[in-house]
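See below for the structure under consideration.
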Amino acid sequence: MTEWIDVRSDTVTHPTPAMRAAMAAAPVGDDVYGDDPTVSQLEQRAASVLGKDAALFVPSGTFGNQLALFTHCDQGDEVIAGEDSHIVWHEVGAAAIIAGVNLRPIPAPRGVLKPEEIRRRIRPGGDIHLPRTSLLCLENAYSSGQVVSLADSKAAWEVAQEAGIKVHLDGARLFNAAAALQVPAQQIAQYADSVMFCLSKGLAAPVGSMLVGATDFIERARKKRKLMGGGLRQAGVLAAPGLLALDEMSLRLGDDHANARLLAERIQHLPGVAVDMDALDINMVFFRFTRPVDVAALMAGLQARGIKANPPEQGLMRLVTHWQVGAAEVERIAQALAELITA
């Protein structure tokens with residue numbers, strides 16, 4: 001069989017040859033002691049790129065988000081977040097277990113948390129029956145594949161500033177959002193007190209995410225990272241590809257976005273397929289079937305053609321491009337779907 005095409009997610013990306021070489025050559029030390037020079041370099045670089053004081057290397061995006069909640073909040077506090085955000089939907093209820101906080105979900109059409117909706121959920125002080133609202137969580141790019149504008153981010157930030165609450169940004173695909181908006185990532189990050197972004201999605205590093213913020217916040221988070229079991233030792237072998245992810249792979253994300261648009265264009269006219277052409281901000285293509293489809297046969301057919309994809313979820317199917325899915329692979333995927341759907 002020809003090499004697999006994997007469009008389940010951009011988490012499936014393999015490290016580039018340059019990353020593998022950097023891993024082999026990385027200077028290392030015990031990072032719990034603060035002795036790993038490559039980790040320190042990555043943390044300094046991440047903070048600089050986002051215009052923050054400090055950064056912390058963490059094992060995963062979920063780990064970074066939950067560490068942020070754990071550091072910002074006290075047990076029993078309330079956190080406002082989009083009702084279909086990653087923190088609410090896909091982090092295993094960790095906020096209740098690790099930080100001991102209550103999530104208050106609100107509507108987030110196209111990823112936007114509207115100022116009036118945020119204000120309505122901020123708890124007034126002085127009532128012993130009510131939890132304290134301590135954190136607003138934003139997400140950009142959003143789980144729906146859509147990018148939130150700087151104006152909408154600023155509007156949410158200003159509501160939090162008025163209320164005296166902190167803002168955390170789940171920026172798992174922050175650099176995709178920056179590429180889509182054609183702005184430096186720092187311009188998005190300015191509207192958050194802390195930011196998590198993933199190195200191991202479209203940026204192609206094999207492991208890891210970064211939590212970025214003020215110096216005192218990161219120092220508190222460093223201790224809590226240890227509590228959560230995230231104290232890493234000779235982690236320079238993982239941080240080295242992270243540097244290449246930041247400095248090189250972030251610059252080519254526009255290619256992935258273009259290939260996602262190409263894929264959408266190739267399949268949008270297939271019979272029984274309805275592509276969400278308004279959700280093509282980044283590297284994701286979402287579509288529904290408008291007539292009955294044998295999902296098991298479809299997935300088996302893709303598998304037989306060397307294509308790994310996730311089945312539809314509640315009727316919605318997602319295909320994700322990345323550095324290992326170029327124009328040629330897009331054509332193979334489109335051809336396979338055409339054969340299977342019209343068979």
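Remember, predicted model here, so these are calculated numbers, not experimental data. Just so it is clear, the values below take in all heavy atoms, side chains as well, and ignore hydrogens, waters and symmetry mates.
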Taking the side chain as every heavy atom from C-beta outward, state whether Phe197 and Leu169 have any atom pair closer than 4.5 Å. no
Any chance the side chains of Asp152 and Ser149 put a donor and an acceptor closer than 3.5 Å? yes
Do Arg173 and Asp10 meet the salt-bridge criterion of a basic N to acidic O distance under 4.0 Å? yes
Whether Glu162 and Arg119 form a salt bridge (side-chain N of Lys/Arg under 4.0 Å from carboxylate O of Asp/Glu) is what I want to check. yes
Between His86 and Tyr142, is the ring centre distance below 6.0 Å? no
Do the side chains of Arg266 and Glu331 get close enough for a salt bridge, i.e. N-O under 4.0 angstrom? yes
Ion pair Glu339/Arg305, N-O distance below 4.0 Å: yes
SB check Glu117 Arg121 (cutoff 4.0 Å): yes
Less than 4.0 Å between a side-chain N and a carboxylate O, is that true for Arg233 and Asp31? no
Considering only NZ, NE, NH1 and NH2 on the basic side and carboxylate oxygens on the acidic side, decide whether Glu219 and Lys224 come within less than 4.0 Å. no
Other than Val79, what residues sit in its cluster of Ile, Leu, Val, Met, Phe, Trp and Tyr side chains whose heavy atoms are under 4.5 Å apart, directly or through others? Leu69, Ile87, Val88, Trp89, Val101, Leu103, Leu135
Any salt bridge linking Asp127 with Arg123? Criterion: basic side-chain nitrogen under 4.0 Å from a carboxylate oxygen. no
